[in-house]
Novice: 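The structure that follows is given in the form of structure tokens.
In the text below, chain A, chain B and the rest are named by the order of the sequence lines, each starting its count at 1.
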Amino acid sequence: MKTKVSLSLVIGAALVGCFLLMLVVSFFYTPFAVNEMRSAERFLPPGRPYLLGTDNFGRDIFSRIMKGTQTAFFVGTLSVLFGMALGISLGALGGYFGGWTDRILTQLGTTIQAFPGVLFALMIVAVWGPGTFNTIVALSITAFPGFMRITRSGFIQIKEYSFVEAAQTIGVSPLKIMLRHILPNLLPSLLVAASNGFAGALLAEAGLSYLGLGVQPPEPSWGRMLNEAQGYLLRAPWYSLAPGIVLVLAVLGFNLLSDGLRDLLDPKQ
Amino acid sequence: MKRRFSPYYLLFLVGIILIAAVFLKGGKEERENKVVVVVPQDPDYLDPHLAAAAGTYEMMFNVYEGLLKPAPDGSLLPALAERYSVSEDGLTYTFSLRPGVKFHNGKPVTAADVKYSLERLMGTATGQPLSPFFTKVQAVETAGTPGAQKVILRLKAPDAALLSNLTTAMIIPEDYQELNTRPVGTGPFRFVEYRPGQWVVLEKFADYWQEGLPLLDKVEFRIIPDREAALIALKNGTVDIYPRIEPGRITELSEEFYTLQEKQNLVQVLALNLKRAPFNDLRVRQAINYAIDKDELIELAAFGFGTKLGSGFSPAMVEFYETGLEDLYPHNIEKARQLLAEAGYPQGFRAVLSVPSNYAFHVDTAQIIVEQLKKVGIEAGIELVEWAVWLQRIYQGRDYEMTITGLSGKLDPLPVLIRYTSDYANNFFNYENAEYDRLNQLAAAESDRGKRAVLYKKAQRLLAEEAAAVFLMDPHYLVALKKTIAGYRLYPIYVQDMSTVYLTNRGTR
């Protein structure tokens with residue numbers, strides 16, 4: 001069997017790789033202190049020494065974008081992980097046991113999916129208050145039904161296979177069957193969904209922060225930067241463009257990666 | 001010989017008519033003596049006694065008037081009352097009505113109208129006051145002859161702020177029931193039309209009592225809530241005046257515009273909860289005062305359009321302002337560190353700075369203050385709170401460590417400085433000082449303006465010396481206008497006085 005490495009995969013992996021590199025570097029080094037203000041150097045256009053220019057407080061935009069990667073990836077990773085964990089366990093229960101359990105869980109998932117993702121997250125944040133932790137919880141809840149569907153349909157399909165029936169006949173515990181025998185078969189599609197979900201989480205986090213409900217100032221976040229920049233759209237266009245383009249690239253990267261992974265891992269092709 | 005009718009002649013005639021039409025039309029447009037002002041919100045009520053929004057007052061200031069009227073410098077001008085006198089004990093105010101003043105419906109203003117208006121505000125008939133300002137008024141009486149009418153107010157206790165409050169007590173025709181749909185007042189402009197979400201249109205009141213005013217024939221308040229859209233409307237000529245333009249945006253305006261700026265009589269304050277450690281220690285509060293560089297703050301947050309404050313009072317009210325306090329705590333990091341060390345916090349401390357999230361200006365200020373406090377070791381974390389939460393938890397509940405807000409000034413120092421008295425319901429500073437309370441009580445009972453000013457100045461000095469809070473700045477109020485507009489006057493309160501505004505390019509027909 002020939003492996004197909006598509007262009008999407010290459011570009012996606014390269015973009016995601018760049019962001020991972022930026023993320024790691026930002027923990028040790030940023031060109032300037034992230035929150036340091038310089039009144040004499042506000043609204044400087046991109047150039048030297050400020051690679052992407054400075055903002056309304058004279059803070060270095062590039063440093064803040066680097067630091068913002070931490071926020072974006074922290075929220076993205078955790079919300080996808082939590083969403084995945086919740087989705088897989090509920091999907092596995094429903095898919096394996098069927099019946100009433102399945103019906104209730106499916107209905108729950110459908111109900112949550114009926115709300116637009118960001119709107120639902122907004123509602124949760126409005127009730128529990130803003131902040132990084134609540135943002136993660138909100139995004140996890142909106143993310144889990146997707147994972148639940150994939151897991152459930154996979155389980156329904158695979159539990160009919162003879163190797164599962166064989167395991168059941170010799171008395172292997174249901175938990176072990178689920179984890180050892182069925183779940184590994186679903187990993188490729190879950191990985192694709194995770195990569196896709198990550199892009200969605202980045203966008204949702206930026207959206208919430210833009211509305212002032214995510215990360216609190218002065219800590220940088222791409223969405224917050226967009227919010228702060230919009231008042232200076234004509235005076236300092238680079239201030240809005242920089243976080244905007246970075247956000248587009250990150251979302252594009254993860255979407256391409258997920259497309260590429262699907263082509264690579266899909267057993268049907 | 002019969003003259004042949006030439007088609008060229010006809011063509012020539014049509015041409016003349018067209019040119020004349022264009023000229024006439026052009027001339028007509030230029031003659032329209034009208035100004036469009038952009039405002040951010042709809043009026044809440046057109047009835048002046050029900051309206052509570054500052055956004056309504058700023059428009060209807062042109063339609064309604066009280067016995068007295070504020071002047072651009074914050075002093076009081078006689079309006080419907082020509083003269084007034086106050087009795088020695090401060091309990092009886094006698095107003096002589098200006099003769100010949102008419103309502104927009106043509107009826108003359110009588111003492112009965114004034115009595116009706118004031119009693120409607122006091123809730124004499126209903127038992128439910130529409131205004132909180134006249135609780136000390138016992139009775140309103142009319143006197144005098146039809147040609148020289150008088151209104152007498154009898155008070156239960158002296159009320160030094162009564163005269164200022166009377167500027168908001170709009171006089172309306174007695175028993176007129178349609179105020180909310182067809183407002184009738186005595187102001188320089190009469191109400192024409194209100195379309196929700198679109199505009200409020202006013203036109204010149206020809207019988208206005210001030211000779212020669214107003215200068216415009218028509219004023220339109222265009223309602224545009226979005227600041228971006230408002231700025232675009234100004235740039236493309238849809239509106240002529242944009243009050244409260246953001247300071248960061250004026251560099252975008254072309255040569256066709258100019259801006260006016262003035263202190264807006266607002267105290268932007270960093271409040272410290274005095275009931276909580278470490279803010280209960282005077283040295284800590286002084287250290288924070290020394291640590292904050294107000295000049296840098298004004299430059300960064302307000303693009304330089306602000307006036308540094310030293311106490312809880314704006315210099316916009318010149319008469320009552322204690323000068324020199326703004327330099328009581330000059331920016332000095334060494335001194336701040338030293339005071340912190342004396343107070344037992346050599347390494348600084350951590351605190352939460354709660355900011356109402358809907359005020360971008362306060363959020364910006366907070367970010368700058370966090371950086372400035374960091375330099376003396378104080379680690380402040382910003383917590384954004386919604387406006388409703390801020391009002392409930394912080395303003396009323398006093399549950400916070402540090403917060404930033406703007407306290408708007410009035411025409412009188414009383415409502416501004418009473419905020420720090422120990423028995424004031426929303427003294428969210430938790431400031432308690434017997435001497436301060438005493439000064440305020442004395443000033444409230446004193447009807448001589450000069451003596452009141454001395455007392456209020458002492459009170460301001462006390463607030464500053466006690467570092468009751470960090471008094472940051474009075475951010476300037478900026479107005480952008482087309483260069484063809486002149487005569488716009490700025491007030492220390494939230495009003496758009498259109499009576500003196502005029503167009504400079506008129507007459508070029």
Novice: Does any heavy atom of chain A fall under 4.5 Å from the side chain of B:Q367, the backbone, both, or neither of them?
Specialist: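 Both parts, backbone and side chain.
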Novice: Are more than 12 heavy atoms from other residues, nucleotides or ligands located less than 6.0 Å from atom NZ of B:K335?
Specialist: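 Result for NZ/B:K335: open.
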Novice: Count the heavy atoms of every other residue, nucleotide or ligand shown that sit under 6.0 Å from CZ of A:F133, and state whether that count exceeds 12.
Specialist: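 No, CZ of A:F133 has 12 or fewer neighbouring heavy atoms, counting only those of other groups under 6.0 Å.
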Novice: Counting only heavy atoms not in B:F349, do more than 12 fall under 6.0 Å of its CZ?
Specialist: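 Yes, because the 6.0 Å sphere around CZ of B:F349 holds more than 12 heavy atoms from other groups.
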Novice: Evaluate whether atom CH2 of B:W387 has more than 12 neighbouring non-hydrogen atoms of other residues, nucleotides or ligands under 6.0 angstrom away.
Specialist: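 Atom CH2 in B:W387 is packed in, count exceeds 12.
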Novice: So what's closer than 4.5 Å to chain A heavy atoms on B:V355: side chain, backbone, both or neither?
Specialist: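 Neither the backbone nor the side chain of B:V355 comes within 4.5 Å of chain A.
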Novice: Parallel, tilted or perpendicular: which fits the ring planes of B:F303 and A:Y232, with parallel below 30° and perpendicular above 60°?
Specialist: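 Rings of B:F303 and A:Y232: tilted, as their planes differ by 30° to 60°.
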Novice: Can you tell me how far the CD atom of A:E36 sits from the NZ atom of B:K374, to the nearest 0.5 Å?
Specialist: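 Spacing of CD (A:E36) from NZ (B:K374) equals 9.5 Å.
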Novice: Run the side chain to side chain contact (heavy atoms under 4.5 Å, CB included) test on A:R59 and B:E371 for me, step by step, so that the C-alpha distance in whole Å, both residues' side-chain angles and the decisive distance to 0.1 Å come before the verdict.
Specialist: CA-CA 12 Å; A:R59 300 179 293 200; B:E371 286 303 300; over 6 Å; no
Novice: Let's test your reading of the structure: which of A:R42, A:E219, A:M37 forms the most heavy-atom pairs below 4.5 Å with chain B?
Specialist: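 Most heavy-atom pairs within the cutoff with chain B belong to A:R42.
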Novice: Heavy-atom count around A:F32 CZ within 6.0 Å, excluding the residue itself: above 12?
Specialist: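 For A:F32, atom CZ is crowded (more than 12 foreign heavy atoms under 6.0 Å).
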Novice: Where does B:E383 contact chain A at under 4.5 Å (heavy atoms): side chain, backbone, both or neither?
Specialist: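 Answer is backbone: N, CA, C or O of B:E383 sit under 4.5 Å from chain A.
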Novice: Quick one: CD on B:E228 to CG on A:L233, what's the gap to the nearest 0.5 Å?
Specialist: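 The CD atom of B:E228 sits 6.5 Å away from the CG atom of A:L233.
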Novice: Does atom CD of B:E296 have more than 12 heavy-atom neighbours from other groups under 6.0 Å away?
Specialist: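 Yes - once you tally the heavy atoms of other residues, nucleotides and ligands closer than 6.0 Å, there are more than 12.
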Novice: With only heavy atoms counted, which part of B:T251 is less than 4.5 Å from chain A, the side chain, the backbone, both or neither?
Specialist: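 Just the side chain, heavy atoms under 4.5 Å.
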Novice: Under a 4.5 Å cutoff for heavy-atom pairs, which residue among B:L300, B:V363, B:I382 has the most contacts with chain A?
Specialist: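 Top count of heavy-atom pairs under 4.5 Å with chain A: B:L300.
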Novice: Which region of A:N56, side chain (C-beta onward) or backbone (N, CA, C, O), has a non-hydrogen atom less than 4.5 Å from a non-hydrogen atom of chain B, or is it both or neither?
Specialist: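 A:N56 touches chain B through backbone and side-chain heavy atoms alike.
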Novice: Counting neighbours of CD on B:Q392 that are heavy atoms of other residues, nucleotides or ligands and sit closer than 6.0 Å, is the number greater than 12?
Specialist: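 Open: at most 12 neighbouring heavy atoms sit under 6.0 Å from CD of B:Q392.
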Novice: In this structure, are over 12 heavy atoms from other groups packed under 6.0 Å from B:K482 atom NZ?
Specialist: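 Above 12, so yes.
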Novice: Relative to chain A, which segment of B:L231 carries a heavy atom at a distance below 4.5 Å: side chain, backbone, both, or neither?
Specialist: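 Neither the backbone nor the side chain of B:L231 comes within 4.5 Å of chain A.
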